[in-house]
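To start, the structure under review is shown below, and the notes come after it.
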Protein chains: 2
Amino acid sequence: MKSDDMKIDKRHLRTIRTREKLLVAAREVFLENDFQTTTISQIIKRAGVGYGTAYVHFEGKDELLIVLMEDVMDRFHQVAEQPFEPGTAEEAKKQIEQQATAFLRLAEQEREMLRIVEQAIGVSYIIRAKWKQIRERFIERISRDVRYAQGSGLARSDLNPTLVARGWFFANEMYLFEVIREETTASIEEIAKTLTAVYTTGLYEHD
Amino acid sequence: MKSDDMKIDKRHLRTIRTREKLLVAAREVFLENDFQTTTISQIIKRAGVGYGTAYVHFEGKDELLIVLMEDVMDRFHQVAEQPFEPGTAEEAKKQIEQQATAFLRLAEQEREMLRIVEQAIGVSYIIRAKWKQIRERFIERISRDVRYAQGSGLARSDLNPTLVARGWFFANEMYLFEVIREETTASIEEIAKTLTAVYTTGLYEHD
DNA sequence: CAAACAAATTGACATTGTGTCAATATTATC
DNA sequence: GATAATATTGACACAATGTCAATTTGTTTG
């Protein structure tokens, strides 16, 4: 029994090690360069394995990155699933701003990996699809929140919740990429505050 | 004099013709396929010219598309430059909704070309930069409008106009791409109406 | 108008990267 | 220790790019 497992493990171990070596190398090479300019040759060289080996373990560059993305994805999903049950409009506003901040902060923390992901989104169909998953999960979640706020009389009911949710998420997403590219001058707090203010109470004065 | 010009023209004419043949062919091939899968070989074959010729006239696929983009770009710039001088918040709202509608309608009209452009944005640095130009022009324009509305007391003054403008444009831009991909279920009118409503007066009730 | 010149066109070539697969090396089983 | 199963490998075929010396086409000049 024990020796049986050991033997199976020994063989699997090599596989796992090789896979791991490839992932470590891939992360390094991706981060040192771009997604586009990174080649399989660079990765296998760094990993110290043969060329064909990469294709035994992964379908190509794309899949390598997808596996590397997984941790980051999980963290995004966590942010998406934060509870939202405000009693008043003020509370809602506060919670929304907090979530926007958390979203942008995550971008800041995972900047390096997300820089690569953004590049890959442009090039790789499969990674674009993966990102879309995250997006749709957020949007679905936000739609629920909008419906909740409408149901409890906090939010106006004349607007399609899904359309509202998409618009709100899109603004946040684009700022996310600006944060990743370090293109933004304002602080995350100010961005979140501004977006939330417009989203919840609008830009124009009302009496 | 006349014959002089004629002779110069005759030589130039060949160049112009070749260039034109390449552009026509490129448009066709791009539209029949994707940006990524389109190759120079396909284009020159369609244009009926030699391989090297393409590189004499254009630096590569990217530049070919940039030239093809120009018309569409111009139309976007036109939309961006529509006047905005509302007297009341109601008027402002109306004008903003109109511009959002015009923006999305343009996407619908130029869908085919913009589909290629979107793909190219992901792959090509230079085309990404070109798109960024359009974006910044819009954002700058919107920032001015926000400042105007703030100055005339129509809009709240406690928010950074540029941050607001970016957020607003981002939401519109993402919907633009959804329209291009024909991924949206709602009509352009409803999208514009919803985005504008949230942007101008906010999602939450106020007394 | 024909020789010399200038400009535009061409396709073969070197280069770079991908993905596949038959051969080889390693590990497990009998 | 022989055999079978599995993992690894790098050489190869293929696809696309961008370059450049040679060729073709058009212009000028004596």
Side-chain angles (χ1 to χ4, degrees), chain A residues 1-26 29-30 32-66 119-120 123-127, chain B residues 1-26 29-30 32-66 119-120 123-127:
Chain A
M1 317 294 129
K2 194 183 172 188
S3 71
D4 233 56
D5 289 345
M6 288 289 279
K7 274 166 195 169
I8 289 171
D9 268 7
K10 196 108 179 252
R11 187 139 67 183
H12 281 209
L13 198 63
R14 187 163 58 135
T15 310
I16 291 166
R17 281 246 188 80
T18 307
R19 215 182 122 89
E20 199 54 40
K21 276 193 283 183
L22 279 166
L23 283 170
V24 169
V29 179
F30 276 140
E32 282 167 26
N33 306 279
D34 293 0
F35 181 76
Q36 327 211 33
T37 62
T38 294
T39 65
I40 296 289
S41 299
Q42 288 176 298
I43 294 173
I44 58 105
K45 199 178 146 195
R46 176 83 57 120
V49 302
Y51 187 82
T53 311
Y55 287 94
V56 172
H57 293 272
F58 304 94
E59 279 174 27
K61 264 202 300 186
D62 300 16
E63 211 207 320
L64 231 4
L65 181 61
I66 283 186
Q119 292 162 359
V123 186
S124 150
Y125 172 78
I126 188 161
I127 292 182
Chain B
M1 316 296 130
K2 196 186 171 189
S3 71
D4 233 57
D5 288 346
M6 288 290 279
K7 275 164 193 169
I8 289 171
D9 268 6
K10 195 108 179 250
R11 188 141 65 184
H12 281 210
L13 198 62
R14 187 165 54 138
T15 310
I16 290 166
R17 281 247 189 79
T18 306
R19 214 183 123 89
E20 199 53 39
K21 276 192 283 184
L22 279 166
L23 284 169
V24 168
V29 179
F30 276 141
E32 282 167 26
N33 306 279
D34 293 358
F35 181 77
Q36 326 212 33
T37 62
T38 295
T39 66
I40 297 289
S41 299
Q42 288 175 299
I43 295 172
I44 58 103
K45 199 178 147 195
R46 177 83 57 121
V49 302
Y51 187 83
T53 310
Y55 287 93
V56 172
H57 293 273
F58 303 94
E59 281 175 25
K61 262 203 302 186
D62 299 16
E63 211 207 321
L64 231 6
L65 181 60
I66 284 186
Q119 293 161 359
V123 186
S124 151
Y125 172 78
I126 188 161
I127 291 183

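Chain naming here is simple, since letters A, B, ... match the order of the sequence lines and numbering starts at 1 in each.
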Please state how far atom [atom1] in [X] lies from atom [atom2] in [N], giving the value in whole angstrom units.
{"X": "F58(A)", "N": "dG19(C)", "atom1": "CZ", "atom2": "P", "value": "14 Å"}
{"X": "K61(B)", "N": "dG18(D)", "atom1": "NZ", "atom2": "P", "value": "9 Å"}
{"X": "I16(B)", "N": "dA7(C)", "atom1": "CD1", "atom2": "P", "value": "16 Å"}
{"X": "R17(B)", "N": "dG26(D)", "atom1": "CZ", "atom2": "C1'", "value": "14 Å"}
{"X": "H57(A)", "N": "dG19(C)", "atom1": "NE2", "atom2": "P", "value": "16 Å"}
{"X": "H12(B)", "N": "dA6(C)", "atom1": "NE2", "atom2": "P", "value": "15 Å"}
{"X": "K21(A)", "N": "dA7(D)", "atom1": "NZ", "atom2": "P", "value": "15 Å"}

**Study point:** DNA chain D-proximal residues of residues 33-42 of chain A, any heavy atom under 4.0 Å
**Key:**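 Per residue number, the list is empty: none.
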Check your understanding: Can any side-chain N or O of T18(B) pair as donor or acceptor with the backbone N or O of R14(B) at less than 3.5 Å?
Key -> yes
Check your understanding: Okay, side chain of Q42(B), backbone of T39(B): is any donor-acceptor separation there less than 3.5 Å?
Key ->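 Such a contact is found between Q42(B) side chain and T39(B) backbone.
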Revision key, fill the gap. Test side-chain contact (heavy atoms from CB on, under 4.5 Å), reference F58(B), set I43(B), I40(B), L64(B), L65(B), output is L64(B)
Review point. Given dA7(D), dG26(D), dT17(D), which nucleotide is nearest the side-chain atoms of Y55(B)?
Key: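 Taking heavy atoms from C-beta onward, the closest nucleotide is dT17(D).
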**Study point:** Nearest listed nucleotide, side chain of Y51(A), among dT17(D), dT6(D), dA11(D)
**Key:**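 Nearest to the side-chain atoms of Y51(A), counting from C-beta on, is dA11(D).
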Practice item. With DNA chain D as reference, determine whether T15(A) or V56(B) sits nearer its 5' end, using the nearest nucleotide of each. Key: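 Counting from the 5' end, the first nearest nucleotide belongs to T15(A).
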Review point. Would one find a side-chain N or O of T18(B) under 4.0 angstrom from OP1 or OP2 of dT9(C)?
Key: yes
Check your understanding: Are D62(A) and S124(A) close enough that a side-chain donor and a side-chain acceptor fall under 3.5 Å?
Key -> yes
